Amino acid sequence: MKNGFGRRLLSVNAFAAAVLVSGMAVPAAAAAPQAMKREVSADIDGRAKQVQEMVDSLYSFAEPGFQEFKTQEYITTILEQNGFTIEKGVAGIPSAWTATYTRGTGGPKIALGSDVDGLLGLSQVPGSPELKPQVEGAPGHGEGHNSGMPLIVAAALATKAAMEKHNLNGSLMIWPGIAEELLATKAFFVRAGMFDDVDASIFTHVSSTLGTGWGDSGLNGMVSVEYTFSGQTSHSAGAPWMGRSALDAVEIMNTAWNFRREHLFPSQRSHYVITEGGGQPNIVPDKASVWYYFREREFSSVRSLYEIGNRISQAAAMATDTTVESRILGYAAPNYGNRPMAEAAYANIQAIGMPQWTEADQAFTRAVQTANNRPLKPLATEVGPLTPAFTGPSLGSGSDDIGDIMWKVPTITIWFPSNIPNMIGHHTTSAIAMATPIAHKGAVTGAKAVAMTALDLLTTPSLVAEAKKFQQEVQFAEATYDPVLTPETQPAIHLNTEVMERLRPKMEPFYYDPSKYESYLDQLGIAYPPATN
């Protein structure tokens, strides 16, 4: 089956066949006691102030991929003070870490994670409906990743308290998605063995909704690769025949790739930026680089795009009498959620419901949508349906490297409502609400869903067994994990170093100080909601 067409139908049919053959219960027949879930819900409500401080602090740090060191220091300090064992620099990535808590012997090991990195150039004054950079040219949380780890911390602390009170054996491993916007680390986490002893994984991602899903999500897999051409300098006017232009090679590669697009499946997505193009026009560039993302629906088709790119780069080098080297900078597997876990989580989501939005929250939402010419849509007040397996055909999509962990251990993503509807992804509009009461309330709500589902896994061995059975008999029947990484491929930890060395001193004066201010909006003197004429 090629390029995703019909793939989702196979997922549904394979699962139905597994149910008939094995008698697998769907959904899981047992769950944690409701009284215990009410306890963790109340515990998380009691941590709402802490969640607000964490959300606002991470927003103010605004660190891009591989530079999340202030975030690391801040979050690991909180976890260590609460009895978690910290390991930094995991998988050879300095800004990565894990925090582990174990009670007793036996019981499942549950991984709880969320991304933490920001995006280059998306600095935004929070709470301002108009686009206004806080620090010109600086990174910002235009994807809302500042809200996910605070959610996970609150869920983990509440779950840990329940484990201690009710003598529940098991382990929690908290981990951050480093450089997710570069799709650059989770495959390395898997390769380094971080999830070898994990039984189940719960991941979260910011949204304007509260929900989860199972099966192939419809997202593309991806490989990120940079091609660097080497030639020979010369004087562009005096002796151009002596030069061998590396920039010419880059331009020929890009032109050839753009011609090739017509003959690729519509589900592919590919895009590039020239990262180095020479110094000045009168010197033939002897070094030039271009950075590509190749996206497709399946492992084999991602690999095929990568191989096509490699051949085109060699052809461009031959045409210009230059040489070329390539370096993989990241990889993301297609996403595949675990059905038994998703159904257990969705039952909790239905019980929790959406946050209680105020008129101020809705007024702020309208103001932001109006100021940015976005379609008007209020904050949702009802939970949507459980998202089933996508049945295609697919015209392609974005990527998320949580997919690599999904192919290692049963995993789900829980989306939580910390942003407002109809914002533009990877854009400053998606940063506006991310240090406001909307972000705070959404994170508290999401934390409850994570903690309750973690309790289900800790108290219900059959749920863990069903999750593993689904992965083995359904997910693995559809595809085999096949990353493009080689043993020599190393994480691209050099990325964004220069940016933060230059901009961090300008950003530090804007770090949130919760000891002085009730919220980040208070610190910045921003009214919520904004005054209207």
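All residue numbers in this chain count up from 1 along the given sequence. Remember, predicted model here, so these are calculated numbers, not experimental data.
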Note: Tyr520 and Asp56 closest approach over all heavy atoms is N-OD2, 3.0 Å
More than 12 non-hydrogen atoms from neighbouring residues, nucleotides or ligands closer than 6.0 Å to CD on Gln280, yes or no?
yes
Is a donor from one side chain sitting under 3.5 angstrom from an acceptor on the other, for Arg261 and Ser270?
yes
Charged N to carboxylate O below 4.0 Å: is that the case for Arg303 and Glu296?
no
Ser399 (side chain) donor-acceptor with Asn220 (main chain) under 3.5 angstrom
yes
His271 side chain vs Tyr293 backbone, donor-acceptor pair below 3.5 Å
no
Would you name the heavy atoms of Gln268 and Leu305 that are closest together and state the gap between them?
CB-CD1, 4.0 Å
Of Pro421, Pro129, Pro378, the one forming a side-chain contact (heavy atoms from CB on, under 4.5 Å) with Thr365 is Pro421
Can you label the angle between the Trp175 ring and the Phe189 ring as parallel, tilted or perpendicular, going by 30° and 60°?
perpendicular
May I ask you to decide whether Asp404 forms a salt bridge with Lys186, counting only side-chain N to carboxylate O separations under 4.0 Å?
no
Of the options Tyr306, Tyr272, Trp257, which is the one that meets Phe294 in a ring pair (Phe, Tyr, Trp, His ring centres under 6.0 Å)?
Trp257
Can you find a pair of side-chain heavy atoms, one from Ser60 and one from Phe510, that are under 4.5 Å apart?
no
Compare every heavy atom of Ala200 with every heavy atom of Val409, then report the nearest pair and how far apart it is.
CG2-N, 3.7 Å
Can you check whether Pro281's main-chain N or O pairs, donor with acceptor, with Ser236's side chain at less than 3.5 Å?
yes
At what distance, to the nearest 0.5 angstrom, does CE of Met173 lie from OG1 of Thr98?
6.5 Å
Just so I know, are the side chains of Leu376 and Thr370 near enough to count as touching, which here means a heavy-atom distance under 4.5 Å?
yes
Measuring centre to centre across the rings, with the benzene-like ring taken for any Trp, is Trp214 within less than 6.0 Å of Tyr346?
no
d(Glu130 CD, Asn372 CG) to nearest 0.5 Å is 7.5 Å
Do the side chains of Pro176 and Thr71 get nearer than 4.5 Å, heavy atoms only?
no
For a side-chain contact (heavy atoms from CB on, under 4.5 Å) check, start with the C-alpha distance between Ser95 and Ile93, then their side-chain angles and the critical distance, and finish with the verdict.
CA-CA 6 Å; Ser95 59; Ile93 300 167; 4.1 Å; yes
Got a donor-acceptor contact below 3.5 angstrom from the Asp117 side chain to the Glu181 backbone?
yes
Which atom pair, heavy atoms only, marks the closest approach of Ala443 to Val51?
CB-CG1, 3.7 Å
side-chain hydrogen bond (donor to acceptor under 3.5 Å, both in side chains) assessment of Ser430 paired with Glu143
CA-CA 6 Å; Ser430 290; Glu143 180 78 356; 5.8 Å; no
State which residues pass ring-ring contact (aromatic ring centres under 6.0 Å, His included) with Tyr481; sequence neighbours excluded, sorted by chain then number.
Phe299
Minimal heavy-atom distance between Val90 and Trp97, with the atoms involved, is CG2-N, 3.6 Å
Does Glu325 offer a backbone N or O that forms a donor-acceptor pair with the side chain of Thr228 under 3.5 Å?
no
Are any side-chain N or O atoms of His141 and backbone N or O atoms of Leu58, one a donor and one an acceptor, separated by less than 3.5 Å?
yes
Okay, side chain of Gln67, backbone of Leu495: is any donor-acceptor separation there less than 3.5 Å?
yes
For the atom pair OG1 (Thr413) and CE (Met406), what is the distance rounded to the nearest 0.5 Å?
3.5 Å
Residues two or more places apart in sequence or in another chain: which of them pass ring-ring contact (aromatic ring centres under 6.0 Å, His included) with His440?
none
Looking at Glu63 and Lys70, would you say the former's side chain and the latter's main chain have a donor-acceptor pair under 3.5 Å?
yes
Taking atom types as modelled and ignoring hydrogens, do the side chains of Arg297 and Ser267 form a donor-acceptor contact shorter than 3.5 angstrom?
no
Min side-chain heavy-atom separation Ile174-Ile75 under 4.5 Å
no
Do Ser114 and His205 come within less than 4.5 Å of each other through their side chains, counting heavy atoms only?
no
Taking the side chain as everything from C-beta on, heavy atoms only, tell me whether Met222 gets closer than 4.5 Å to Val302.
no
Polar side chain donor-acceptor pair, Thr489 to Thr486, under 3.5 angstrom:
yes
Are Ser313 and Phe229 close enough, and set up right, to give a side-chain contact (heavy atoms from CB on, under 4.5 Å), and what steps lead you there?
CA-CA 9 Å; Ser313 74; Phe229 294 86; 4.1 Å; yes
Using side-chain heavy atoms (C-beta onward) and a distance below 4.5 Å, is Pro417 in contact with Leu379?
no
Audit row: Val368, Met423, side-chain contact (heavy atoms from CB on, under 4.5 Å) steps and yes/no:
CA-CA 9 Å; Val368 173; Met423 296 298 98; 3.8 Å; yes
Can you tell me how far the CG atom of Asp115 sits from the CG atom of Asn146, to the nearest 0.5 Å?
11.5 Å
N-O pairing of Glu343 and Arg339 below 4.0 Å
yes
For Met354 against Val383, the heavy-atom pair lying closest together:
CG-N, 3.9 Å
How long is the gap from OG on Ser128 to CD1 on Ile432, to the nearest 0.5 Å?
6.5 Å
Do Met54 and Tyr74 come within less than 4.5 Å of each other through their side chains, counting heavy atoms only?
yes
Enter the distance from Arg504:CZ to Met500:CE here, rounded to the nearest 0.5 Å.
3.5 Å
Please confirm whether Trp407 and Phe195 have ring centers closer than 6.0 angstrom.
no
As a quick check of understanding, evaluate side-chain contact (heavy atoms from CB on, under 4.5 Å) for Ile424 and Arg374, giving each step before the final call.
CA-CA 9 Å; Ile424 305 169; Arg374 305 303 298 159; 3.7 Å; yes
Within the distance-only criterion (no hydrogens, no angle test), does the side chain of Thr185 pair as donor or acceptor with the backbone N or O of Ala179 below 3.5 angstrom?
no
